[in-house]
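Since the model is a prediction, treat every value here as computed from it, not as a measurement. The figures here come from the full heavy-atom set of this structure, side chains too, leaving out hydrogens, waters and symmetry mates.
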Amino acid sequence: MKLPFAMLGLCLAIAASAHSAQGQNTPAKEDAQRRWAHAPTKVDPMRGVFFATTQAGQRIVAVGDHGLVVLSEDGKTFKQAQKVPTRSALTSVHFHDAKQGWIAGHDGTILGTRDGGEHWEVLRQERGKDEVLLSIWFADAQHGFAVGQFGLALETHDGGKTWERRTLSTQTHVAEKHLIHLFPGRQGLLFIAAESGTIFRSADSGKTWQAIQTANKGSFWTGKALSDGSLLAAGMRGHVYRSQDQGLSWTATVSGTQQSLTAIHERQDASVLITGTGGVLLQRTGTDPAFKRHTRADNASLTGVVSHASGDVFVSTAGILRND
């Protein structure tokens, strides 16, 4: 089964995890453990490899390779978080409010913060087990989900202190699909964009799940519920699908690109942006469902976008970018 996000390097490939030292520690082993325990410091926050971004109130939070977490108040200058106790690749970030947030990543890593992202603590980590988490989302301060490779699904009811594994399907060929992006709908609806054109749908806040197979043969990498009540899912080879019946059925939408699509963002004015590889940016305005394609001159592979008072801010495998 082919892994998703192959071109995004370490973030979304199955990397060989560092194995825990066995037996009596030597000084070399202890030094290696200390190096693993914290993200590198003095990194240029604008030049890192980033895989996801969100906002904690007005603060921008972006996460990426080697435990990189950066913060910005103005969308122009960024600084590293003060404490990030991991060097695992970080793939997804979600905030419940301006202070409380969570990050998921490689090695089964889940981090939590209560101060807007300045300091993080390890809530879960499974070094040596090749667990790759790709998305994390919380319904409130206590109830959340994290999902990833080969059907890995976790649920917490205590803010992330403890996690239980969930089985989304009893059918093996469905249950082992890569789960790539969690996103909420209206009135308790919850969706997971998944491998091979599958979208998992829950109508009861994640208690039970239905696997919906679309006509898409490629994997969905992202999804979004829009303010007009419709849903979008996008992913490999520029495929974009739309649902107008709360995710029960999906119809292909012309995207105008074959570049893979990584994130969907809706601005306050209801215009929609979809980021992609090769510098591709799709934009839709008003009620017109058609997207217009723009390709950045730098051809950077975009992995996410947020809209700040200062303008749109993009994260990419080439660093932090703004509209050129």
### Query
Does Thr214 use its side chain to pair, donor to acceptor, with the backbone of Gly197 at less than 3.5 Å?
yes
### Task
Would you indicate whether the side-chain heavy atoms of Val69 and Ile103 approach each other to under 4.5 Å?
yes
### Query
How are the rings of Phe145 and Trp209 set relative to one another: parallel (under 30°), tilted (30 to 60°) or perpendicular (over 60°)?
perpendicular
### Task
Drop me the distance from Gln259's CD to Thr277's OG1, to the nearest 0.5 angstrom.
3.5 Å
## Note on the structure
The reported gap from CG in Leu152 to CD in Glu176 (rounded to nearest 0.5 angstrom) is 12.0 Å
### Message
Whether Lys99 and Asp97 form a salt bridge (side-chain N of Lys/Arg under 4.0 Å from carboxylate O of Asp/Glu) is what I want to check.
### Response
no
### Query
Just by distance, do the side chain of Ser169 and the backbone of Gln171 share a donor-acceptor pair under 3.5 Å?
yes
### Task
Indicate yes or no: at least one non-hydrogen side-chain atom of Leu281 is less than 4.5 angstrom from one of Ile274.
no
### Heavy-atom check, side chain of Lys83 versus side chain of Glu121, under 4.5 Å
no
### Message
Just checking Gln258: does its CD atom have more than 12 heavy atoms from other residues, nucleotides or ligands closer to it than 6.0 angstrom?
### Response
no
### Message
Tell me whether Arg124 contacts the main-chain N or O of Gly108 through its side chain, where contact means a donor paired with an acceptor under 3.5 Å.
### Response
yes
#### Entry: Nearest atoms (heavy-atom pairs only) where Ser255 meets Gly238
OG-O, 2.6 Å
### Query
Above 12 or not: heavy atoms from other molecules or residues under 6.0 Å from CD of Gln142?
yes
### Query
Step by step, would you call Ile180 with Val147 a side chain to side chain contact (heavy atoms under 4.5 Å, CB included)?
CA-CA 7 Å; Ile180 303 172; Val147 299; over 6 Å; no
### Query
side chain to side chain contact (heavy atoms under 4.5 Å, CB included) between Leu68 and Gln80: does it pass, once the steps are laid out?
CA-CA 8 Å; Leu68 183 60; Gln80 279 189 266; 3.9 Å; yes
### Query
At what distance, to the nearest 0.5 angstrom, does OG1 of Thr53 lie from CG of Leu302?
12.0 Å
### Query
With no hydrogens and no angle check, do the side chains of Ser88 and Thr86 hold a donor and an acceptor under 3.5 Å apart?
yes
### Which atom of Val306 lies closest to which atom of Gln55, heavy atoms considered
CB-OE1, 3.9 Å
### Message
So His181 and Leu134, do their side chains get closer than 4.5 Å, heavy atoms only?
### Response
no
### Query
Looking at Phe183 versus Trp137, is the centre-to-centre ring distance below 6.0 Å?
no
### Message
Would you compute the distance between atom OG1 of Thr317 and atom CZ of Phe50 and round it to the nearest 0.5 angstrom?
### Response
11.0 Å
### Task
Classify the side-chain pair Gln244/Ser230 by whether it contains a donor and acceptor separated by less than 3.5 Å.
no
### Query
What's the shortest heavy-atom distance between Phe51 and Ala89, and which atoms?
CE1-CB, 4.4 Å
### Query
Restricting to pairs with a member in residues 250-268, which pass salt bridge (charged side-chain N to carboxylate O under 4.0 Å, His left out), not counting sequence neighbours?
Arg267-Asp312
### Query
Does Thr113 use its side chain to pair, donor to acceptor, with the backbone of His119 at less than 3.5 Å?
yes
### Task
Could you check if a side-chain atom of Ser135 sits within less than 4.5 angstrom of a side-chain atom of Thr91, using non-hydrogen atoms only?
no
### Message
Checking Thr275 against Thr262: is there a side-chain donor and acceptor pair closer than 3.5 Å?
### Response
yes
### Task
Check for a donor-acceptor pair, side chain of Ser202 on one end and backbone N or O of Thr208 on the other, with a separation under 3.5 Å.
yes
### Query
Is there a side-chain contact between Leu189 and Gln187 (heavy atoms, below 4.5 Å)?
no
### Message
Do Leu232 and Val272 have side chains that approach each other closer than 4.5 Å (heavy atoms only, starting at C-beta)?
### Response
yes
### Query
Would a distance-only check, ignoring hydrogens and angles, find a side-chain to backbone donor-acceptor pair under 3.5 Å from Asp107 to Thr109?
no
#### Entry: Ile60 side chain reached by His308 side chain, heavy atoms, under 4.5 Å
yes
### Query
Between the side chain of Ser243 and the main-chain N/O of Ser249, is any donor-acceptor distance below 3.5 Å?
yes
### Message
For Tyr241, run the ring pair (Phe, Tyr, Trp, His ring centres under 6.0 Å) check against Trp221, Trp250, Phe220 and tell me which one passes.
### Response
Phe220
### Query
Does the side chain to side chain contact (heavy atoms under 4.5 Å, CB included) test come out yes or no for Leu321 and Arg296, once each step is laid out?
CA-CA 10 Å; Leu321 306 171; Arg296 292 178 57 93; 3.6 Å; yes
### Query
Can you tell me if CZ on Arg114 sees more than 12 non-hydrogen neighbours from other groups inside 6.0 Å?
no
### Task
May I ask you to decide if the ring planes of Phe138 and His94 are parallel, tilted or perpendicular, using 30° and 60° as cut-offs?
parallel
### Task
Looking only at non-hydrogen atoms, find the nearest pair between Gly67 and Ala39 and report the distance.
O-CB, 3.3 Å
### Message
Tell me whether Val84 shares a hydrophobic cluster with Val61, the cluster being built from Ile, Leu, Val, Met, Phe, Trp, Tyr side chains joined at under 4.5 Å.
### Response
yes
### Query
Ion pair present between Glu118 and Arg59, side-chain N to carboxylate O less than 4.0 angstrom?
yes
#### Entry: Set of residues satisfying side chain to side chain contact (heavy atoms under 4.5 Å, CB included) with respect to Lys292, sequence neighbours excluded
none
#### Entry: Pairs flagged by salt bridge (charged side-chain N to carboxylate O under 4.0 Å, His left out) wherever residues 146-157 is involved - sequence neighbours left out
Glu155-Arg166
### Task
Report yes if the distance between the aromatic ring centroids of Phe150 and His178 is under 6.0 Å, otherwise no.
yes
### Message
For the backbone of Asp74 and the side chain of Ser310, can you confirm whether one donor and one acceptor N or O come within less than 3.5 Å of each other?
### Response
yes
### Side-chain (Gln100) to main-chain (Gly112) donor-acceptor, under 3.5 angstrom
no
#### Entry: Closest non-hydrogen atom pair between Phe191 and Gln246, with its separation
CZ-O, 3.4 Å
### Query
Roughly how far, to the nearest 0.5 Å, is CG of Leu231 from CZ of Arg186?
9.0 Å
### Task
Could you check Leu111 against Leu123 for side chain to side chain contact (heavy atoms under 4.5 Å, CB included), going step by step and ending with a plain yes or no?
CA-CA 5 Å; Leu111 307 178; Leu123 302 177; 6.0 Å; no
### Task
Apply the test side-chain hydrogen bond (donor to acceptor under 3.5 Å, both in side chains) to residues Ser196 and Thr198: give CA-CA distance (whole Å), side-chain angles for both, the deciding distance (0.1 Å), then the verdict.
CA-CA 6 Å; Ser196 303; Thr198 303; 5.8 Å; no
### Task
Evaluate the criterion salt bridge (charged side-chain N to carboxylate O under 4.0 Å, His left out) for residue pair Arg165 and Glu126; output intermediate values, then yes/no.
CA-CA 13 Å; Arg165 288 179 179 265; Glu126 298 290 337; over 6 Å; no
### Task
Decide yes or no on side-chain hydrogen bond (donor to acceptor under 3.5 Å, both in side chains) for Ser307 and Gln268, but give the supporting numbers first.
CA-CA 8 Å; Ser307 292; Gln268 287 190 346; over 6 Å; no
### Query
Which value, rounded to the nearest 0.5 Å, describes the distance between Met236 atom CE and Ser260 atom OG?
5.5 Å
### Task
Using modelled atom types only, decide if a donor and an acceptor are shared between the side chain of Ser72 and the backbone of Thr77 within a distance under 3.5 Å.
yes
